[in-house]
Number of protein chains: 2
Amino acid sequence: MSPAQRHPTMNDVAERAGVSQSTVSRTLRGVASVSPEVRARVEQAARELNFAASRYAASLVTGKTGVVAVLVPTLDSWFMGAALSSLGPLMRDADMELTMYVVPDLDRRTAFFERLPARRNADALMVFCFDLTKEETARLDELGMPVIYVSQHVEGRPSVYVDDVAGACKATRHLINLGHRRIAFAHTTNARGFSFSSRERLLGYQQALTEAGIPLDDDLVVTTPPRDKRGTTQAVGNLLSLREPPTAIFAEQDELAASLILSLRTVQIDVPQRISVLGFDDQLMAEWLDLSTVAQSPTDMGRKAAELALQLINDPDADRSRHIVLPTHVIPRGTTAPPPAPQGEQDTGGQASGPARP
Amino acid sequence: MSPAQRHPTMNDVAERAGVSQSTVSRTLRGVASVSPEVRARVEQAARELNFAASRYAASLVTGKTGVVAVLVPTLDSWFMGAALSSLGPLMRDADMELTMYVVPDLDRRTAFFERLPARRNADALMVFCFDLTKEETARLDELGMPVIYVSQHVEGRPSVYVDDVAGACKATRHLINLGHRRIAFAHTTNARGFSFSSRERLLGYQQALTEAGIPLDDDLVVTTPPRDKRGTTQAVGNLLSLREPPTAIFAEQDELAASLILSLRTVQIDVPQRISVLGFDDQLMAEWLDLSTVAQSPTDMGRKAAELALQLINDPDADRSRHIVLPTHVIPRGTTAPPPAPQGEQDTGGQASGPARP
DNA sequence: ATGAAAGCGCTAACAT
DNA sequence: ATGTTAGCGCTTTCAT
């Protein structure tokens, strides 16, 4: 009602409780050496005045801010939502505030690294999902606080991530083991530097192919803007118009996989009978669509990141280059199957090296 | 490298630049009355020392924190992700920090309202998507800062929301206009108090039916836990086993609509030929699935909320009970169609009042 | 166990 | 245009 009402201070509480301000401070911070009677009086007074201590005044003295800063490219994704929904409450439980820097474009990214607004105003910074340049990493090193890299790994810095390379490799092997030889890789074109995992997954895909002696073919690697129906359709078009089209597509994300499947079904190409599709993430939609995919757990990632951050904040001697690698799991569902028998040759056993041609 | 390095202070900068600390303060805050030469020297010194001012020390003096607190039930949803991805950068542009309170369960909710950790540590609070009790609202009134309610409306308090009632009403009318009379409403069982819109949408649905003279039927209102495949299947089962099953289902969210469609198609019930399905949200998946739905824009909501918050912070005389209502739009796509001709009576024109029975 | 006093790093009067 | 000074609301010695 009265917008200009001043917040009560510790002095107000002290006065009301008939004690010194130091005693109020001690009481409210739970210091042991306060007699029960005094403690009760102080707590009562604080309650009556609806008193809350200013973190800012405290942090001025202690040098700790009680804040963890989080740098994210966006919040509008399955991964970020899940990771932060697990991280947030854990921070709250540790009585830490979470301040969020949402940096969706290059301009704001530049501004962030120029000013480093978190500097001096947080006890640690968690950087999510960025593909940082050497300069940016170096800049963060000067921040004067622990920086935890999440969903990416940076040499010699604390990092929490899933092994995207291994996950993608396992995924591709699954397709190879089913008999596929023409396997496409579909990924989204993120603005440069905004996606770490995408690149890693491509590496894993290539590794599995090489391992199996299947030559890499750039025509099988297609790209589309994120969440763009038309882009997906075009990518599908590119694959379907190859001389030797793929019998399987490994999509870097479930979302993209879903879009690909819809696009394929539009032109009556059955999944998985004609083309197998495999995703990455195992988000909710994967179960709905019965989509084969590679599972990762952003929830675990958020938790591990929270634990690591708290440890680095509280223990100056903690290992500052620890990497925590989380596992991935191939989840075979209904969108992957062996490739169709080669065209024109019914029942041809053995040699499963792509559709025969005239 | 040296974790214990002290941050430089304004005094350090002042000394290095050979000016007083006030001048440093003035320079860095962009106060006009600083001569260009001095300004240059100070900026140089600040850069050399990698100096950043402490917001905390400043806010101690100014009484402003430069922080907007955000209370959210979760970040793991399309709506929250989109809304905060729009809100976050705008706050950044206004040089405001965003601190996030993620309160996913009742325990943490209770704890939040008990301690009100935002108190004294933010200039405004934005509350998202909660269905608050009178007591909780009253508690927030005592917070001593503007509280903006987003995606919900609270009498006499600044609020930003879409008109869920009207949206749901329009949606239901669309189905009625197509000829449907047996229209189900499907909603998710959120933990009590964690969803405002769900309730409102039910109201809109009921309003449209009443308006059209169609009697309400509790059997047509089904419920399922969020994101629960089994729950959805069960809800579908309940509807399909009615004496007079619905010819259309209005789902309170796209996500639920999608799940319903998959469940229906599993048992070969064609959508929309046999049953129409209509969602609410118009999130990305709606376009993919060609889902008819009611569009709302969390992006706009985030923007409006940001603007309102900044206004209330900066202008003490601003209207503190302003409601901003955003529009909804019915987006007819491929999952709604007229109901099938009554069973057993081919080509029966006119009277479209549900399937005929023996 | 409690109180007095100093000071954290800034901003905002007030001087000049 | 710049410097001086007095706090902002806490925590933390240091006394008692």
Side-chain angles (χ1 to χ4, degrees), chain A residues 4-43 45-46 49-67 95 97 117 119-123 144, chain B residues 4-43 45-46 49-67 95 97 117 119-123 144:
Chain A
Q5 63 179 328
R6 241 181 68 298
H7 287 285
T9 72
M10 272 196 183
N11 254 321
D12 300 330
V13 179
E15 204 169 304
R16 185 174 195 108
V19 296
S20 77
Q21 195 227 39
S22 327
T23 301
V24 175
S25 172
R26 280 191 276 259
T27 306
L28 268 32
R29 275 176 303 136
V31 173
S33 67
V34 178
S35 73
E37 313 91 84
V38 172
R39 171 172 295 276
R41 253 191 306 150
V42 169
E43 276 166 353
L49 290 175
N50 193 20
F51 171 81
S54 159
R55 272 194 129 93
Y56 298 151
S59 82
L60 202 53
V61 182
T62 60
K64 303 241 133 216
T65 62
V67 168
D95 201 30
E97 317 261 299
R119 187 167 33 147
R120 212 99 156 47
N121 299 302
D123 295 337
Chain B
Q5 64 178 325
R6 239 181 72 296
H7 287 285
T9 73
M10 273 197 182
N11 255 321
D12 299 330
V13 179
E15 203 169 305
R16 186 177 193 104
V19 295
S20 77
Q21 197 226 38
S22 327
T23 300
V24 175
S25 171
R26 278 192 277 259
T27 306
L28 267 33
R29 275 177 302 138
V31 173
S33 67
V34 178
S35 73
E37 311 92 84
V38 172
R39 171 171 297 277
R41 254 192 304 150
V42 170
E43 278 167 351
L49 291 175
N50 193 19
F51 171 81
S54 159
R55 271 193 130 92
Y56 298 151
S59 82
L60 202 53
V61 182
T62 59
K64 305 240 133 217
T65 63
V67 168
D95 202 30
E97 317 261 300
R119 187 167 32 147
R120 212 99 155 44
N121 299 301
D123 296 335

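So you know, we letter chains A, B, ... as the sequences are listed, proteins then strands, and number each from 1.
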Just N and O in the side chain of A:T23: are any of them under 4.0 Å from OP1 or OP2 of C:dG3? yes
So do B:D95 and B:R55 actually touch side chain to side chain, heavy atoms under 4.5 Å? yes
Heavy-atom distance under 4.5 Å between the side chains of B:F51 and B:M10, does that happen here? yes
When rounded to the nearest 0.5 Å, the distance separating CZ of B:R120 from OG of B:S59 is 9.5 Å
What's the NZ-P distance between B:K64 and D:dG9, to the nearest Å? 15 Å
Check nucleotides 10-14 of chain C for protein N or O atoms closer than 3.5 Å to its own N or O atoms and list the pairs.
{"unit_1": "C:dC10", "atom_1": "OP1", "unit_2": "A:R120", "atom_2": "NH2", "d": "3.2"}
{"unit_1": "C:dC10", "atom_1": "OP2", "unit_2": "B:M10", "atom_2": "N", "d": "2.9"}
{"unit_1": "C:dT11", "atom_1": "OP2", "unit_2": "B:S25", "atom_2": "OG", "d": "2.4"}
{"unit_1": "C:dT11", "atom_1": "O4", "unit_2": "B:Q21", "atom_2": "OE1", "d": "3.4"}
{"unit_1": "C:dA12", "atom_1": "OP2", "unit_2": "B:R29", "atom_2": "NH1", "d": "2.9"}
{"unit_1": "C:dA12", "atom_1": "N6", "unit_2": "B:S22", "atom_2": "OG", "d": "3.3"}

Qualifying residue for side chain to side chain contact (heavy atoms under 4.5 Å, CB included) with A:V19, from A:T27, A:V13, A:V38: A:V38
Given A:L28, which partner from the list A:V42, A:V34, A:T23 fulfils the side chain to side chain contact (heavy atoms under 4.5 Å, CB included) test? A:V42
What is the distance from CG of A:L60 to P of C:dG7, rounded to the nearest Å? 14 Å
At under 4.0 Å between heavy atoms, what does A:S33 touch on the DNA or RNA strands: base, sugar-phosphate, or nothing? base
Figure out the NE2/P separation between A:H7 and D:dG9, and round it to whole Å. 10 Å
Whole-Å distance separating the CG atom of B:L49 from the P atom of C:dG9: 14 Å
Would a 4.5 Å heavy-atom cut-off, applied to side chains only, mark A:R119 and B:N50 as touching? yes
